Q: 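Quick one: the structure is below, questions incoming.
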Amino acid sequence: MNSSNDLPGQDGRPEPQRPVWPRNLALSLAAAAAAYGVMSTVGSSDDGESGHRTASAPPATAVPAADRPAAPLDQVFPTEVKAADGTVYTRVTAKTQLSCPPEGSVGPRLAGLLKQGKGCAGEQTALYRDGHDNRFSLAVFTLRDPRDTAHVLIELAKAAGDPQVPAQTPPVGRGLPALSADSGRVQSFAGVDRVLVVGLGQWSDGRKADYQKLVDRLQPVLTGVTKNIGPRPSGV
């Protein structure tokens, strides 16, 4: 992949490996986004290191709703997310950035889409692990206009293989060693109201195999987080 499409990791190094997407993802994503477009017409954290202001709670209520995250950090990313099959996903770290992500910290397509609409009120990120130490990075973008969400989902489907967010690096001492920049990964999206959720899954050993199984493991935590934000999630 060209270096212009590479994303920097949390340690500043480029991550050239392209994520694998689920079977028929582009088609189903477009369908989900189209359905979302109809709906949109109705209407204790671990702070990571960042050059931007972080917070464990949204701004004061005096700030207009469009200019603050859609939900508090601990509501978006609970300590545990439980799947229907009994799998428990445990939060490793989470943080809030009260601005759109800076240039170069997300994929160029996503960055451009965020600029094209009414803007972004902030980004919330978290890293989860399951009982086998597989890891799942979640990035939640709060858009100022819910009508932008469907458009972003559709446009992301047109570049299905492009990485949109970097993998979250686990803090030292949490029992999760850093994976290599070319480790295997999968990527999925969801949307609800004015929120876009991007999920990234990696095996505990970073292997490049069994991608559909990894997608299946990513989906419950992606869906669980999306449901915490609003009652009408749609995604793939």
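For clarity, every value in this text was computed on a predicted model and none was experimentally measured.
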Q: Would a 4.5 Å heavy-atom cut-off, applied to side chains only, mark Arg185 and Pro163 as touching?
A: no
Q: Is the backbone N or O of Asp162 less than 3.5 Å from a side-chain atom of Gln187, with the two atoms forming a donor-acceptor pair by type?
A: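 Side chain of Gln187 to backbone of Asp162: a pair is present.
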Q: Which ring pair (Phe, Tyr, Trp, His ring centres under 6.0 Å) pairs, counting each pair once, include a residue from residues 94-114, with sequence neighbours left out?
A: none
Q: Who are the salt bridge (Lys or Arg N to Asp or Glu O under 4.0 Å) partners of Asp145, not counting sequence neighbours?
A: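 Residues passing salt bridge (Lys or Arg N to Asp or Glu O under 4.0 Å) with Asp145: Lys118, Arg147.
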Q: Do any N or O atoms from the side chain of Lys208 and from the backbone of Asp182 form a donor-acceptor pair under 3.5 angstrom?
A: yes
Q: Measure from the side-chain N and O atoms of Ser137 to the backbone N and O of Gln168, and report whether any donor-acceptor pair falls under 3.5 Å.
A: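 Such a contact is found between Ser137 side chain and Gln168 backbone.
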Q: Between Phe141 and Leu110, is any pair of side-chain heavy atoms under 4.5 Å apart?
A: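 Phe141 reaches Leu110 side chain to side chain.
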Q: For residues Pro72 and Phe77, determine if any side-chain heavy atom of one lies less than 4.5 Å from a side-chain heavy atom of the other.
A: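 Not in contact.
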Q: Just jot down the side-chain contact (heavy atoms from CB on, under 4.5 Å) partners of Gln116, sequence neighbours excluded, or say none.
A: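 Residues passing side-chain contact (heavy atoms from CB on, under 4.5 Å) with Gln116: Leu113, His151.
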Q: Given side chains that start at C-beta, do those of Thr125 and Val140 come closer than 4.5 Å, heavy atoms only?
A: no
Q: Look up atom OG in Ser188 and atom CD in Gln164, then write down how far apart they are to the nearest 0.5 Å.
A: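 Interatomic distance, Ser188 OG to Gln164 CD, rounded to 0.5 Å: 12.5 Å.
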Q: Would you mind reporting whether Arg135 and Pro170 have side-chain heavy atoms less than 4.5 Å apart?
A: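 Yes, their side chains come closer than 4.5 Å.
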Q: Indicate the atoms forming the closest heavy-atom contact of Thr96 with Pro69, along with that distance.
A: CG2-CG, 4.3 Å
Q: Please walk me through it: do Phe189 and Leu156 pass side-chain contact (heavy atoms from CB on, under 4.5 Å)?
A: CA-CA 9 Å; Phe189 302 114; Leu156 290 180; 3.7 Å; yes
Q: Going by the rule side-chain hydrogen bond (donor to acceptor under 3.5 Å, both in side chains), which residues pair with Asn134 if we only count those two or more places apart in sequence or in a different chain?
A: Asp130
Q: Walk me through whether Val186 and Leu218 qualify under side-chain contact (heavy atoms from CB on, under 4.5 Å).
A: CA-CA 8 Å; Val186 297; Leu218 168 62; 4.0 Å; yes
Q: Going by heavy atoms in the side chains, are Arg109 and Lys158 under 4.5 Å from each other?
A: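 They are in side-chain contact.
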Q: Below 3.5 Å, can you tabulate the donor-acceptor pairs from side chains in residues 195-204 to any protein atom, sequence neighbours excluded?
A:
residue, atom, partner, partner atom, Å
Gln202, NE2, Ser183, OG, 3.0
Trp203, NE1, Ala209, O, 2.7

Q: Can you find a heavy atom in the side chain of Val225 that is under 4.5 Å from one in the side chain of Phe136?
A: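 They are not in contact (no side-chain heavy atoms under 4.5 Å apart), so the answer is no.
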Q: Quick one: pull up CD in Gln75 and CG in Asn228 and give me the separation to the nearest 0.5 Å.
A: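 So the gap between those two atoms works out to 6.5 Å.
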Q: What is the distance from atom CD of Gln124 to atom CG of Leu98, rounded to the nearest 0.5 Å?
A: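 Atom-to-atom, Gln124:CD and Leu98:CG are 8.5 Å apart.
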Q: I need the minimum non-hydrogen distance between Asp148 and Gly117, along with the two atoms involved.
A: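 Of all heavy-atom pairs spanning Asp148 and Gly117, the closest is OD2-CA, 3.4 Å.
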Q: Are the side chain of Arg194 and the backbone of Leu143 linked by a donor-acceptor contact shorter than 3.5 Å?
A: yes
Q: Please report the shortest heavy-atom distance between Pro102 and Ser105, naming the atom on each side.
A: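 That would be O-OG, 2.7 Å.
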Q: Measure the shortest side-chain to side-chain distance between Thr142 and Cys120 over non-hydrogen atoms and say whether it is less than 4.5 angstrom.
A: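 SC-SC contact between Thr142 and Cys120 ruled out.
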Q: In residues 81-89, what donor-acceptor pairs under 3.5 Å come from side-chain atoms, sequence neighbours left out?
A:
residue, atom, partner, partner atom, Å
Asp85, OD1, Thr87, N, 2.9
Asp85, OD1, Thr87, OG1, 2.9
Asp85, OD2, Thr87, OG1, 3.4
Tyr89, OH, Arg217, O, 2.5

